[in-house]
Amino acid sequence: MIRLHFFKTNFMETYLQGIIRQALIEIGVEENQIPPVKIEKPRDPSHGDAATNVAMLLAKTLKKNPRSIAEQIVSKIQPDSGKVKAAEIAGPGFINFRYADYFIYSELNTILDKGGDYGKSVENKGQKCLLEFVSANPTGPLTVGHGRNAVLGDTVARLLEWTGARVQREYYFNNAGRQMRMLGLSVQARYLQELGQPTEFPEGGYEGAYIGDIAKELVNEYGDALLNQEDEKVFKEKAEAVIFDDIQKTLKRMNIVMDSFFNENTLYEDGSIQKVIDVLREKGLAFDEDGAVWFKTTEFGKDQDTVLVKSTGEPTYRLPDIAYHANKLERGFDLCLDIFGADHIDTYPDVMNGIEVLGYDKNKVEVLVYQFVTLVKDGKPFKMSTRKANFVTLDELMDEVGEDVTRFFFLMRSPNTHLEFDVNQAKEAGEKNPVFYLQYAHARIKSILRKVAELEKFDAKADLTLLNHTAEISLIKKLMNFPDAVSNAAGSREPHRLITYLNELAQGFTSFYHDCRIIGEEKNLMHARILLAEATARVISNGLGILGINAPERM
RNA sequence: GCGCCCGUAGCUCAACUGGACAGAGCAACUGCCUUCUAAGCAGUAGGUUUCAGGUUCAAGUCCUGACGGGCGUACCA
């Protein structure tokens, strides 16, 4: 049997495109009149497995009605019976194809052969990607707000890896600046209070309980030896170390491991910040006014110029951002993807313009923007502010609802829409919780396979053509869509599409489970169904793996 | 004021990037556990896709304009 491993879905698509183009030429359509032949899969299974709309696209140029064009095309098509059954015309002029049985069963074999690799593609083969995400400064524990960023970033990374890319996960941070000084001062104040010194807590300081914990640690370590520190440096450094450690633990708990950490400070040390200003000045795009250095963003259509260096001599965050992105491109990545919250969106055009002026290809930089998360508890939104003690940390959230559920909920919705994280629904250990539906389907299959293994040995080969029940056929077809679902989610950077797919798959399995027994059926049929069940478990666990969620053996 | 995002079932959201009859999950109602996991299944009900125009064979999807919501619009990050 010829294996279609490396062409797979695309193989069928290019095949259909080929025979359609051939037919078009045969009926006398000029080469340059042929529109792009798009193959799509109909929503409604009764419309077949693949369809094209070329006839409708040609209606205008050929000045004929689409159905008659479709008829002409179909009359010239002689499909390979090993791949598709005859083409049909439907609706306003769609040409629908149905997969041949042989093709479907051979695809099922492919799934079983490829196993844990099924769904991987080569479309981004050789691409080097830098995915920057989280990038929270170490001023406090990761909160729910960071959670969406972290999970989205990591999952998009996994998706890109499945399409063949090499992805480096990078965390960008700044441990200098006012924020961090304030952090140090806050710890210092708590330290002094801890030792009974009358102290005023700094205005706008960090009030979270974790600050007090760090102070206590310092007391344990140093006693009162730090009473007469002139500045907050020791406190800041301690806080940074503790908090960073904490952040990494939280990430690890969420199944996220960074490949690199990039400190903003590097950009000052190696002079690249200065270089940005120099080049912008040289090109007449930076100028001095009121003691500050400005970026002439009005040149790019903004209604205001933008400050790069404040009159205090301190740069705004835009300047290092530009230098940082230049640095990324300098490192030779083909794609630099940033995960940004909606509140940061305004810096993006400045960065793009900046790096373009510096002579880099801004098409290599891409930003995935996600909207905010609202925690909902008991039907009420839970308002959070980072600086006040009033926030829910990611760890607390995971303590409450679990790691898998947390990841799933952050991924469930399109990045582009507000995410309402319903804690009550997430905590529900049962029916109301959409995560378990997927895991349950997987556990169920595994349970059956365990039972089967106790009964008898069977060889890996089986007569798959025995799988001809409606539920079986549509389950196999669903499995066949997995690679598309992966590359779709990867291409659009929208993991929720994969979740939608997996839900449909799990539904497909459950109706198979409902209609078709495995244990107790005639031996050959049982064997065939075991393979189908195995393939399904495989695809579910591959899919959940991409989402960074466990596929449990039993529940 | 200006810029970006959003508006789809009572609620939370999908809709494969312009395709065929707009779909799920909660919530509501009706059934189903001596048979491989009922964390499940089958069914009922729920819609003028905010409104008004436009583009075309075809619009929830694209363009214009209203209306409503979120975010941004700092010499804060």
Side-chain angles (χ1 to χ4, degrees), chain A residues 38 40-44 46-47 51 53 55-57 59-60 65-67 90-94 96 135-137 139 174 177-179 289-294 301-304 306-318 321 341-349 369-372 374 376 379 412-422 425 428-437 439-441 443-452 455 481 484-485 488-489 491-492 494 496-497 499-501 503-504 507 510-511 513-521 526 529 533 554-555:
Chain A
K38 211 171 108 187
E40 52 193 32
K41 37 182 182 317
R43 220 185 332 224
D44 184 342
S46 73
H47 293 138
N53 61 352
M56 289 178 288
L57 295 177
K60 197 159 221 181
N65 89 63
R67 282 196 72 107
F94 288 102
N96 297 337
S135 295
N137 287 341
T139 58
N174 180 16
R178 232 194 55 200
Q179 268 189 71
E289 198 174 287
D290 301 331
V293 183
W294 295 72
K302 276 183 63 163
D303 47 6
Q304 276 171 29
T306 310
V307 172
L308 290 177
V309 185
K310 302 185 228 171
S311 51
T312 59
E314 234 177 331
T316 64
Y317 65 101
R318 258 159 239 247
D321 261 10
D343 54 336
H344 283 237
I345 187 60
D346 254 25
T347 89
Y348 165 65
V369 177
Y370 63 92
Q371 303 294 319
F372 281 152
T374 320
V376 176
M412 198 162 57
R413 305 299 181 209
S414 157
N416 226 347
T417 73
H418 249 96
L419 173 64
E420 198 155 294
F421 197 122
D422 186 331
Q425 187 185 22
E428 204 81 41
E431 39 199 300
K432 288 177 197 159
N433 197 323
V435 190
F436 296 126
Y437 187 71
Q439 296 186 318
Y440 185 60
R444 250 181 178 174
I445 297 171
K446 289 297 182 179
S447 162
I448 295 171
L449 295 177
R450 275 193 302 271
K451 282 223 164 76
V452 163
L455 293 176
N481 285 340
D484 267 0
N488 235 308
S492 60
E494 292 183 329
H496 77 280
R497 288 171 187 249
I499 288 186
T500 306
Y501 165 81
N503 271 318
E504 288 165 7
Q507 248 167 59
T510 333
S511 67
Y513 175 84
H514 187 253
D515 292 350
C516 308
R517 291 212 114 242
I518 294 176
I519 295 170
E521 288 290 339
M526 178 173 84
R529 285 183 174 165
R554 30 169 70 90
M555 288 175 79

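To find a chain, count down the sequence lines: A is the first, B the second, and so on, and within it residues start at 1.
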Self-check item: For Tyr501(A), all residues meeting ring-ring contact (aromatic ring centres under 6.0 Å, His included), sequence neighbours excluded
Solution: Phe482(A)
Quiz item: If you find the nucleotide of RNA chain B closest to Gly520(A) and the one closest to Asn96(A), which residue's nucleotide is nearer the 5' end?
Solution: Asn96(A)
Quiz item: NA contact type, Ala51(A), heavy-atom cut-off 4.0 Å: base, sugar-phosphate, or nothing?
Solution: base
Exercise. Output all residues satisfying salt bridge (Lys or Arg N to Asp or Glu O under 4.0 Å) with Glu494(A), sequence neighbours left out; order by chain, then residue number.
Key: Arg497(A)
Quiz prompt | Distance-minimising heavy-atom pair for Ala51(A) and Asn96(A) | solution = CB-OD1, 3.2 Å
Quiz item: Taking the same atom, C1', in G47(B) and in G10(B), what whole-Å distance lies between them?
Solution: 12 Å
Self-check item: salt bridge (Lys or Arg N to Asp or Glu O under 4.0 Å) against Lys41(A), all qualifying residues, sequence neighbours excluded
Solution: Asp484(A)
Self-check item: Shortest side-chain distance from Thr510(A), nucleotide among G19(B), C2(B), C41(B)
Solution: C41(B)
Quiz item: Whole Å only: how far is the NZ atom of Lys310(A) from the C1' atom of C75(B)?
Solution: 6 Å
Practice problem: With heavy atoms under 4.0 Å as the rule, sort Ala90(A) into base, sugar-phosphate or nothing. | Solution: base
Self-check item: Stems formed with participation of RNA chain B [Watson-Crick or G-U wobble, under 3.5 Å, three or more pairs]
Solution: B:1-7 with B:67-73, B:10-13 with B:23-26, B:28-32 with B:40-44, B:50-54 with B:62-66
Exercise. Give the rounded distance in Å between these two atoms: CZ of Arg444(A) and P of C36(B).
Key: 10 Å
Self-check item: Spacing of Ile448(A) atom CD1 relative to G40(B) atom C1', expressed in whole Å
Solution: 12 Å
Quiz item: By side chain to side chain donor-acceptor pair (under 3.5 Å), which residues pair with Ser46(A), not counting sequence neighbours?
Solution: Asp44(A)
Quiz item: Could you state the OH-C1' distance from Tyr513(A) to G40(B), rounded to the nearest angstrom?
Solution: 8 Å
Practice problem: With sequence neighbours left out, write down each residue that passes ring-ring contact (aromatic ring centres under 6.0 Å, His included) with Phe421(A), or none if nothing qualifies. | Solution: Phe409(A), Phe410(A)
Exercise. For U17(B), decide between syn and anti, treating a glycosidic angle within 90° of 0 as syn.
Key: syn
Self-check item: Of Asn137(A) and Ile519(A), the one whose closest RNA chain B nucleotide lies more 5'
Solution: Ile519(A)
Quiz item: Which whole number of Å gives the distance between the C1' atom of A14(B) and that of G25(B)?
Solution: 10 Å
Practice problem: Could I get the full list of side chain to side chain donor-acceptor pair (under 3.5 Å) partners for Asn53(A), not counting sequence neighbours? | Solution: none
Quiz prompt | No-H, no-angle donor-acceptor pair, Tyr440(A) side chain to A39(B) base, under 3.5 Å | solution = no
Practice problem: Mind checking Gln304(A) for me? I need base, sugar-phosphate or nothing, with any heavy atom below 4.0 Å counting as a touch. | Solution: sugar-phosphate
Quiz item: Given the C1' atoms of G60(B) and C6(B), what is the spacing between them in whole Å?
Solution: 13 Å
Self-check item: Under 3.5 Å donor-acceptor, Asp290(A) side chain and Ala292(A) backbone
Solution: no
Exercise. Could you check how far OH of Tyr437(A) sits from C1' of G25(B), rounded to whole Å?
Key: 11 Å
Quiz item: Looking only at atom P, what distance separates A27(B) and U12(B), rounded to whole Å?
Solution: 15 Å
Quiz item: How far, in whole Å, is G40(B) from G54(B) if one measures between their P atoms?
Solution: 48 Å
Self-check item: Non-neighbouring partners of Lys302(A) that pass salt bridge (Lys or Arg N to Asp or Glu O under 4.0 Å), sequence neighbours left out
Solution: Asp350(A)
Quiz item: Heavy atoms under 4.0 Å, any strand shown: does Asp515(A) hit a base, just sugar-phosphate, or nothing?
Solution: nothing
Quiz item: Which part of the nucleic acid, if any, lies within contact of Ala59(A), taking any heavy atom under 4.0 Å across all strands shown: a base, the sugar-phosphate backbone alone, or nothing?
Solution: nothing
Quiz item: What is the distance, rounded to the nearest whole Å, between atom NZ of Lys446(A) and atom C1' of A39(B)?
Solution: 19 Å
Self-check item: Side chain to side chain, Lys310(A) and Thr316(A), heavy atoms closer than 4.5 Å
Solution: yes
Practice problem: Check step by step if side-chain hydrogen bond (donor to acceptor under 3.5 Å, both in side chains) holds for Tyr440(A) and Thr510(A). | Solution: CA-CA 10 Å; Tyr440(A) 185 60; Thr510(A) 333; over 6 Å; no
Quiz item: Atom CG in Asn65(A), atom CE in Met56(A): separation rounded to 0.5 Å?
Solution: 11.5 Å
Practice problem: Would you kindly check whether a donor in the side chain of Asn53(A) faces an acceptor in the base of A20(B), or vice versa, at under 3.5 angstrom? | Solution: no
Quiz item: Checking all strands, does Asp290(A) fall into the base, sugar-phosphate, or nothing category for heavy-atom contacts under 4.0 angstrom?
Solution: base
Exercise. Please work out if Phe372(A) contacts a base, only the sugar-phosphate, or nothing of the nucleic acid, heavy-atom cut-off 4.0 Å.
Key: sugar-phosphate
Practice problem: In whole angstrom, give the distance that lies between atom CZ of Arg178(A) and atom P of A74(B). | Solution: 16 Å
Quiz item: Who pairs with Glu314(A) by side chain to side chain donor-acceptor pair (under 3.5 Å), at least two apart in sequence or on another chain?
Solution: none
Exercise. Quick one: list whatever passes salt bridge (Lys or Arg N to Asp or Glu O under 4.0 Å) with Lys38(A), sequence neighbours left out.
Key: Glu40(A)
Quiz prompt | C51(B) glycosidic torsion: syn (within 90° of 0) vs anti | solution = anti
Exercise. Compare the minimum distances between each of A20(B), A39(B), C75(B) and the side chain of Trp294(A), then state the nucleotide with the smallest one.
Key: C75(B)
Quiz item: For Asn488(A), does its backbone N or O pair with a side-chain atom of Ser492(A) as donor and acceptor, under 3.5 Å?
Solution: yes
Please list, pair by pair, any protein nitrogen or oxygen found under 3.5 Å from a nitrogen or oxygen in nucleotides 42-44 of chain B.
none

Quiz item: For nucleotides 4-16 of chain B, read 5' to 3', which letter fits each nucleotide if B means a protein heavy atom sits under 4.0 Å from the base, S means only the sugar-phosphate is that close, and - means neither?
Solution: -SS-----BSSSB
Quiz item: Side chain of Ser311(A): nearest nucleotide among G40(B), C75(B), C57(B)?
Solution: C75(B)
Exercise. Determine the interatomic distance between P on C62(B) and the same-named atom on U8(B); round to the nearest Å.
Key: 15 Å
Exercise. With P as the reference atom in both, quote the distance from A24(B) to U44(B) in angstrom, rounded to an integer.
Key: 11 Å
Practice problem: Would you mind reading off the distance between His47(A) atom NE2 and A20(B) atom P, rounded to a whole angstrom? | Solution: 9 Å
Quiz item: Distance check: side-chain N/O of Lys302(A) vs OP1/OP2 of G3(B), anything under 4.0 Å?
Solution: no
